Protein chains: 2
Amino acid sequence: MAQDEVDRLTEAWRHERPDLDVSPMEVLSRVSRLARHLDRARRAAFAEHGLEPWEFDVLAALRRAGEPYELSPGVLLGQTLVTSGTMTARVDKLTARGLVSRRRDEDDRRAVRVRLTEFGKKSVDAALEGLLANERRLLAGLGAEERRRLADLLRTLVLPFDDAPS
Amino acid sequence: MAQDEVDRLTEAWRHERPDLDVSPMEVLSRVSRLARHLDRARRAAFAEHGLEPWEFDVLAALRRAGEPYELSPGVLLGQTLVTSGTMTARVDKLTARGLVSRRRDEDDRRAVRVRLTEFGKKSVDAALEGLLANERRLLAGLGAEERRRLADLLRTLVLPFDDAPS
DNA sequence: TTCATTTATCTTGACATCAAGATTACCTCC
DNA sequence: GGAGGTAATCTTGATGTCAAGATAAATGAA
């Protein structure tokens with residue numbers, strides 16, 4: 001198989017630091033680099049539907065929640081791995097664009113409900129289909145069984161993080 | 001095996017959008033989420049050595065280059081996947097901290113050489129060892145053969161990006 | 001030689017993010 | 001029914017990043 005950037009990177013490290021075992025990078029550097037490439041691909045895929053990646057993340061969380069497509073900022077925080085200040089800003093901008101609406105909870109007046117608008121639902125549904133089409137293309141190099149094994153191996157690495165929430 | 005966040009996420013999508021095949025997410029969402037967790041782990045590991053992740057990335061590229069630990073901003077761009085404006089800012093800050101020095105090339109006066117200082121070399125060498133110790137811990141759940149397979153599968157996904165430079 | 005093109009780097013302006021703290025409202029225990 | 005503690009959200013200030021364009025120098029064709 002052809003060499004990728006990480007092969008060259010670890011080879012260089014082995015030359016410069018032969019005293020170290022850099023083999024962990026062969027897995028984890030590829031994860032990081034692949035994620036950066038995926039971010040760019042996602043950005044391009046969403047741009048066709050007029051959404052930024054961070055906009056999709058919020059809208060998708062609401063969409064996944066099912067009818068009536070409504071969650072609190074606090075729940076959205078947990079699903080998107082951002083801070084509260086960031087979520088405030090995101091909801092502000094999504095509201096300004098008419099993709100979601102925000103209203104105060106009547107029972108707990110500290111709380112807020114963020115709800116997908118009809119426009120938001122249409123946007124996120126279209127963007128999701130574009131995303132999946134793009135992702136299928138990126139995975140074309142792997143067979144079904146390989147994808148399954150890859151997913152399983154990745155799950156093993158992710159699980160410790162999901163268990164102990166940061 | 002226990003469920004992770006991505007299992008819950010795809011299950012929710014299948015409930016809301018039973019018409020779509022969301023299986024690509026089982027691989028790619030895990031890559032993205034794992035990368036976010038790795039970023040945080042890297043940040044913590046580097047903090048012990050007084051470096052930010054972006055600082056390490058630049059210093060490590062110079063360190064890997066070998067004696068005299070000197071590269072141009074343009075080459076650093078390619079290795080770190082950032083834009084030229086970002087690299088200018090990074091080199092500015094690293095210079096201010098005394099981790100690298102910058103001087104104009106004598107032959108091509110458009111060009112600049114960024115060189116690791118002795119302090120920069122010591123910092124990046126120490127941080128690298130901390131990073132690897134941390135990465136070994138994160139990979140503890142996988143055996144040697146599993147790591148190799150995982151690395152191979154990831155290489156297959158990364159290669160198309162490395163070939164066609166964005 | 002000279003001018004247009006290309007290359008290498010830097011500058012600018014906008015923006016998303018975070019950490020820390022402020023604000024407002026609920027809740028529990030005396 | 002207060003008072004202190006907790007919870008949910010928002011505000012502020014600093015920072016890192018990008019996209020697009022500016023600057024400056026090398027290159028090549030006529």
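Source: prediction; values computed, not measured. Residue numbering restarts at 1 for every chain, and letters A, B, ... go by the order of the sequence lines.
Protein atom CZ of B:Arg102 is 10 Å distant from nucleotide atom P of C:dT9, rounded to whole Å. Regarding B:Arg104, its CZ atom lies at a distance of 10 Å from the P atom of D:dA24, rounded to whole Å. Residue B:Lys93 contributes atom NZ, which lies 13 Å from atom C1' of C:dT11 at whole-angstrom precision. Residue B:Arg109 contributes atom CZ, which lies 15 Å from atom C1' of D:dT23 at whole-angstrom precision. C:dA16 atom P lies 22 Å from atom CH2 of B:Trp54, rounded to whole Å. The distance between atom CZ of B:Arg97 and atom P of D:dT15, rounded to the nearest whole Å, is 13 Å. In this structure, the CG atom of A:Asp107 is 14 Å from the P atom of D:dA8, given to the nearest Å. Counting to the nearest Å, the P atom of D:dA24 and the CD atom of B:Glu106 are 21 Å from each other.
As judged by a 4.0 angstrom heavy-atom cut-off over every strand, B:Arg43 is placed among residues making no nucleic acid contact. Note on B:Asp92: nothing from the nucleic acid sits closer than 4.0 angstrom, heavy atoms only. A:Asp105 comes within contact range of no nucleotide atom at all, as no heavy-atom separation falls under 4.0 Å. Residue B:Gly74 is in sugar-phosphate contact alone, with no base atom involved, counting any heavy-atom pair closer than 4.0 Å across all strands shown.
Under 4.0 angstrom from either OP1 or OP2 of D:dT9 there lies no side-chain N or O belonging to A:Ser84. Applying the 4.0 Å criterion to OP1 and OP2 of C:dC10, one finds that B:Thr88 has a side-chain N or O inside that range. A sub-4.0 Å separation between OP1 or OP2 of D:dC18 and a side-chain N or O of B:Thr83 is present.
The base of C:dT24 is not paired with the side chain of A:Arg110 by any donor and acceptor separated by under 3.5 Å.
Using a cutoff of 4.0 Å between basic side-chain nitrogens and carboxylate oxygens, A:Arg14 and A:Glu26 are scored as salt-bridged.
The environment of CZ in B:Arg109 is sparse: at most 12 heavy-atom neighbours from other residues, nucleotides or ligands sit within 6.0 Å.
With contacts defined as side-chain heavy-atom distances shorter than 4.5 Å, the pair A:Glu135/B:Val27 does not qualify.
Mapping A:Arg90 and B:Val75 onto DNA chain C via the closest heavy atom, the residue that lands nearer the 5' end is B:Val75. Comparing A:Gly85 and A:Asp108, the nucleotide of DNA chain C nearest to each residue sits closer to the 5' end for A:Gly85.
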*So B:Glu55 and B:Arg97, salt bridge (Lys or Arg N to Asp or Glu O under 4.0 Å) or not? Walk me through it.*
CA-CA 10 Å; B:Glu55 293 179 312; B:Arg97 286 200 52 195; 2.9 Å; yes
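Taking NE2 of B:His49 as the start and CZ of B:Phe56 as the end, the distance is 9.5 Å to the nearest 0.5 Å.
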